[in-house]
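Only this structure's heavy atoms are used, side chains among them; waters, hydrogens and symmetry mates stay out.
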Amino acid sequence: MSADHDLASLRALAARDWGLDLAEARDLGSNEDRNVLLTLADGTRRLLKVSHAGVPRDSLEAQDAALAHLAADPGVAAAVPRVHPALDGARIVPLGDGTHARLLDFLDGEPPVGAARLPEGLPAALGATAGAVTRSLEGLDHPGLASGAWDLRRAREVLDDAAPVLETDEHARLAALLEAAGARLAEVAGRLRVQAVHGDLTADNVLVDGDGAVAGIIDLGDVGLGWTVGEAAILACALLQHDGAAVRDSLDAVAAFDRESPLAEEDVVALWPLVVARAVVLAAAGERVLAEDPANDYARARRPLEARMLERALSLGLDEAELLVRHALGRVPEPASRTFTPMIAGLVDAPEADLSVTSPAYDAGAWLEPGALRAALAQARGDGAGALSRYDEHLLLPDAGRAGTPRSRLAGRAIAVAPGTPVVSPNGGVVAAVDGDALAVRVDYGPAVHLRGVAPAVAAGTRVVAGETLAHAAAAGDGAAVVLLWQSVLPGLTPPARMAPGNDEAWAALCPDPAPLLGRVPANLASSPTPEALLAARDASFARVQEHYYDAPPRIERGWRHHLLDTRGRGYLDMVNNVAILGHGEPRVADAVDRQLRLLNTNSRFHYEAVVAFSEELAARAPEGLDSVLLVNSGSEAVDLAIRVARAATGRTDILALTEAYHGWTVGADAISTSLGDNPGALESRPEWVRLLDAPNTYRGRHRGADAGRYLEDALARLAELDDAGVALAGLVAEPIFGNGGGILLPDGYLAGLAEAVRARGGIVVSDEVQVSYGRLGAHFWGFEQQGVVPDVIAVAKAMGNGHPLGAVITTREIAEAFAVEGSFFSSAGGSPVSCVVGSTVLRVLDEDGLQENARVVGERLRGGLLGLCDRFPALGAVHGMGLYLGVEVVHGGPDEPDPAGALAICEALLDEGVIVQPTGDHKNVLKIKPPLTIDDDAVARFLRALDRVMVRREAWAAL
């Protein structure tokens, strides 16, 4: 575009050629055209568009014709901009350098671009809009319509144009993908309809109103000739870049498109191959644009999103995708009702094995063993004829321990039988395919039946009758025979043997339960509530103030070490569960609880060994002199009890605490909690006996960097003020590391100096170790060790029980005896035999497995990786903490601009990646990273890759 087209000259152009009385003119972003928003003196807004020099005039005329055509069609509900003629009547004004200017309405509404996660319902609304526009443009004929570069009929041409800038391997990969899609397209390409199409009707090119409905259509710069179905494919592909259930969104959009502009049979076949082709074209063209114009920030931002489109487009096989498309369009026949010859004899009453996420067969991490599923089936079979998996059940596979979404749902059933067991045809039919240990037969009444894990006894093309032997069950390397059996109501398409979760309703219709083929009654699919139904039931009976993570949380029913597993077989890396310090499902703890429950569980007023053993072990971990233990059930109770102990020992009531801290939910613990993130009115609602010091927040507080030492000066000055006011402190309660702030370390010497000052005034020092103890810091077992302080009272919980409710106060004999002035004390469950056995087992396993050292070594690697990401992404402002007690600040531009919305969005996006992290801090902008201490290098690498991917996409969306 000519340098002469600066904003001033374009403003003068609008006034001269269109006679506009302008109040303001400003540039809007654009990929190629120059767009200027004009505000007229009366407040009316117009859009001045100056085309790129490479756009022919007749193409602009075709765009204007399309706009007029759509505006005149009552079937297109969304608004389109009108073109306003210049004073001389011209709709297109040449500017003398190959560019042209046009004046259009500026439509009201907001574009949903930059939205990593689209609002619910918008994908279908986009599909309906695209369908309506496509139906309308079918009647448009204009000489300026042509096949543009984005016409999917020219996909190979675009790829080849990009070949010089692509790595050889990458070009070969994209070419192979395009060829596979092209082979599928070749079956129907000659019958696909060609018409005028918008060419890019995606979320980038619409406006939405306040209710989220599509209100306007913009940017017809890609209007031209193309395949009708290509418009649906372009939209479906674009939706794959967004967070959330992107494939489901794409299918919803296609279904809505079809309701407005019905897809023909050949369109349905072509749709997903065209989605793949579009993704390949975008990937290739994006690299070419960047090579030609390295400063093109728009193209650079698009690349990771384009890569995500391709990745997701390829997550489905072409048969698999077409099956899902057909189901979304309602084009699936009902399964035929027939009488069958059982394909495997003797299974009418055979047992069904529990292979679900909660199966006891997977305890102690057995699900990570490659043969776990086969072993569970074999055990269920015993000496009988066979055993079957349950239909519509999501399996727990070793893949759940890795990144990605496992294909956890069987299309049919897995059947354990004796090797060599005959498998016969259920009815008359033709053997459609034989491939290694797999066989498919198309039966006469319609569906196809698929087998795997067999030795075929017939050749492809063979005509078979009911009861004729098709194959024999084949033994694998473990000596067992497991046959997979499934069927497809669309026999021309082969469903995969296993599918990813998320389209269960579709697969139940496409691949119905093969139980009747075995002489059995089909499964009842309503036996277990969905995660959504269970969440509704939770909200109906479990007080909502007890919040849950995530808007649409997965249903977690099993954990193992640092993995959490949902009922659909997906594994999540647990980066937040500091309670389960030994990891989830620890068998040594489970065995100890099981044994003790079978013996005795009562309260600590009875005399038994476990309470003595645990108290001795806990006191042995504390500094010398802290030799008396009181046992409770939680961190809140431990802090509350510590306050009571301090008051009883000193005869005073006032407690010194720090702002920005969270200590618990009991009356006493809540009174000294000032976290605004947990209670926005905390500072205004403290009782008079709570005396506060400003949080020594070295990142966001009053004193930072080299000035951090001044926090102690401020604290000592505050104590002097309390002295002058006649306040006598019972004690200080403080976390040695700010847990609520994501692990911010206190300034060196701060806690030591403050403790000395409090003790000099007759007060007691309480260290709240609920979150930071038990080796989580790596270099230290207790948090106060990092500050070089020995407290008078330790309050501890969380990690003590590895999820079992257990807390403690550890103090000196003298202080403990002074507490007796309030009378006797006991906690019904806190010192019970089971609780004590749990506590002793946790300490033993910590030592046996070297988990404190693991926290030090792995924590250093994790912290280093996070610091590297902070260097790359300005939104990650700092890394706090040490060991496996870390926090990452999410900011707009620095410490004084916390970004809670960004932190929450990152956590939601990480859930899509299979990683669980939650925000914390007064501003809820800190990613708290406190995983089980079992976390290893592989898990750290997986987490860092996931956060990297999320941040790359986040920056991309922000740049658009």
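Between Glu287 and Arg303 there is a salt bridge, with a side-chain nitrogen of the basic residue lying less than 4.0 Å from a carboxylate oxygen of the acidic one. Residues Arg248 and Glu505 are not paired through a salt bridge, judged by the lack of any N-O separation under 4.0 Å between the basic side chain and the carboxylate. Contact check on Arg117 versus Asp551 returns no salt bridge, with no Lys/Arg side-chain nitrogen under 4.0 Å from an Asp/Glu carboxylate oxygen. Between Glu138 and Arg135 there is no salt bridge, since no side-chain N of the basic residue sits under 4.0 Å from a carboxylate O of the acidic one. We find that Asp243 and Arg308 are joined by a salt bridge, their nearest charged nitrogen and carboxylate oxygen being less than 4.0 Å apart. A salt bridge links Glu179 with Arg156: the closest approach of a Lys/Arg side-chain nitrogen to an acidic carboxylate oxygen falls below 4.0 angstrom. Under a 4.0 Å N-O distance rule, the pair Asp399/Arg402 qualifies as a salt bridge. In this structure, Arg312 does not pair ionically with Asp912, as no charged nitrogen and carboxylate oxygen lie closer than 4.0 Å. A salt bridge links Arg278 with Asp200: the closest approach of a Lys/Arg side-chain nitrogen to an acidic carboxylate oxygen falls below 4.0 angstrom. With respect to Asp64 and Arg102, a salt bridge is recorded, a charged nitrogen being found less than 4.0 Å from a carboxylate O.
Closest non-hydrogen pair, Arg193 versus Pro262, comes out as NH2-O, 3.4 Å. For the pair Leu107 and Ile217, the tightest heavy-atom approach, listed with the atom from each and the gap, is CD1-O, 3.8 Å. The nearest pair of heavy atoms linking Ala130 to Leu201 is CA-CD1, 3.8 Å.
Here the options are Leu152, Leu274, Thr134, Leu137, the test is side chain to side chain contact (heavy atoms under 4.5 Å, CB included), and the partner is Glu231; only Thr134 passes. Each of Leu263, Leu235, Leu126 was checked for a side chain to side chain contact (heavy atoms under 4.5 Å, CB included) with Phe257, and the lone residue meeting it is Leu263.
Residues forming a side-chain hydrogen bond (donor to acceptor under 3.5 Å, both in side chains) with Asp105 (at least two apart in sequence, or on another chain): Arg82, His84. In this view, Trp507 satisfies the ring-ring contact (aromatic ring centres under 6.0 Å, His included) rule with no residue, not counting sequence neighbours. Under the rule for a salt bridge (charged side-chain N to carboxylate O under 4.0 Å, His left out), Asp539 has no partner lying at least two apart in sequence or in another chain.
With rounding to the nearest 0.5 Å, the separation of CG in Leu174 from CG in Leu310 is 6.5 Å.
Counted by atom type alone, Asp566 and His394 present zero donor-acceptor pairs between their side chains at under 3.5 Å.
Between Val76 and Val133 the shortest side-chain heavy-atom distance falls below 4.5 Å.
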